[in-house]
Amino acid sequence: MELRKMICMLCCLFISLLAACGQIEEDKLKAEDKGSPESRQFNDEELIGKIGETNPSAQSLYVDHTEWINRHVPLEHAVPDIGYGFQAFITEETRMELENGDPAELKDFKPGQKVKVLPPTEETLPVEVDYKKELGIEKLPVILVFDTKELLFKTYQEKELYNLFNERIE
């Protein structure tokens with residue numbers, strides 16, 4: 001077996017194991033969450049943030065979602081110097097509403113105000129290729145092994161990857 005392919009497979013294994021460890025840690029933090037008043041205001045499906053600033057000329061606003069990102073992190077483990085946020089650009093497809101459901105405009109939002117940001121629906125996403133469909137991925141996590149040109153191996157079981165390595169080495 002070429003050294004290059006072996007290195008590629010080992011890198012894929014490392015990445016998949018790293019992703020699995022991250023999921024385990026996230027699940028562990030969720031299990032430890034005792035439902036503090038701070039965490040109860042957030043859920044995983046609705047991103048809640050605070051407006052940092054609005055920029056009418058660029059038709060955008062900055063949303064700080066640090067508290068939402070840290071919703072499962074116990075206060076004693078939170079890193080105070082790290083903040084998370086994003087610039088939300090307002091397009092023709094963007095729908096903004098006040099809490100009572102009335103239509104809103106960018107000028108209606110002020111710094112420090114809490115906002116709920118919902119992702120675009122599938123109909124509005126400009127996606128041309130669905131990678132899960134393209135690669136035949138039925139569930140996550142999945143282990144994919146590529147060479148420089150194509151997909152060589154796909155599995156949902158770590159043991160199957162080890163079997164592949166053993167077969168190729170022998």
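Fair warning: this is a prediction, and the values are worked out from it, not measured in the lab.
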TODO: Under the salt bridge (charged side-chain N to carboxylate O under 4.0 Å, His left out) rule, collect the residues that match up with E46, sequence neighbours excluded.
DONE: K116
Open item on the list: With a 4.0 Å cut-off on N to O distance, would you call E97 and R95 a salt bridge?
Closed with: yes
Open item on the list: As a quick check of understanding, evaluate side chain to side chain contact (heavy atoms under 4.5 Å, CB included) for L144 and I137, giving each step before the final call.
Closed with: CA-CA 10 Å; L144 303 171; I137 296 173; 4.2 Å; yes
Open item on the list: Contact between K110 and I51 at the side-chain level, heavy atoms closer than 4.5 Å - yes or no?
Closed with: no
TODO: Please identify each residue that fulfils side-chain contact (heavy atoms from CB on, under 4.5 Å) with F89, with sequence neighbours left out.
DONE: S60, Q87
- [ ] Take the angle between the ring planes of H65 and W68 and call it parallel below 30°, perpendicular above 60°, tilted in between.
- [x] tilted
Open item on the list: Between T155 and Q157, is there a side-chain donor-acceptor contact under 3.5 Å, judged purely by atom types and distance?
Closed with: no
TODO: Kindly compute the distance separating CZ (R71) from CD1 (I48), expressed to the nearest 0.5 Å.
DONE: 10.5 Å
- [ ] Please round to the nearest 0.5 Å and tell me the distance separating atom OH of Y156 and atom CD1 of I143.
- [x] 11.0 Å
Task: Point-to-point distance, once rounded to the nearest 0.5 Å, from CZ of F146 to CG of L152 - done: 8.5 Å
- [ ] Return each pair, listed once, that meets salt bridge (Lys or Arg N to Asp or Glu O under 4.0 Å) where at least one residue sits in residues 49-64; pairs must be two or more places apart or across chains.
- [x] K50-E67
Task: Separation between CD of Q113 and CG of L61, rounded to the nearest 0.5 Å - done: 9.5 Å
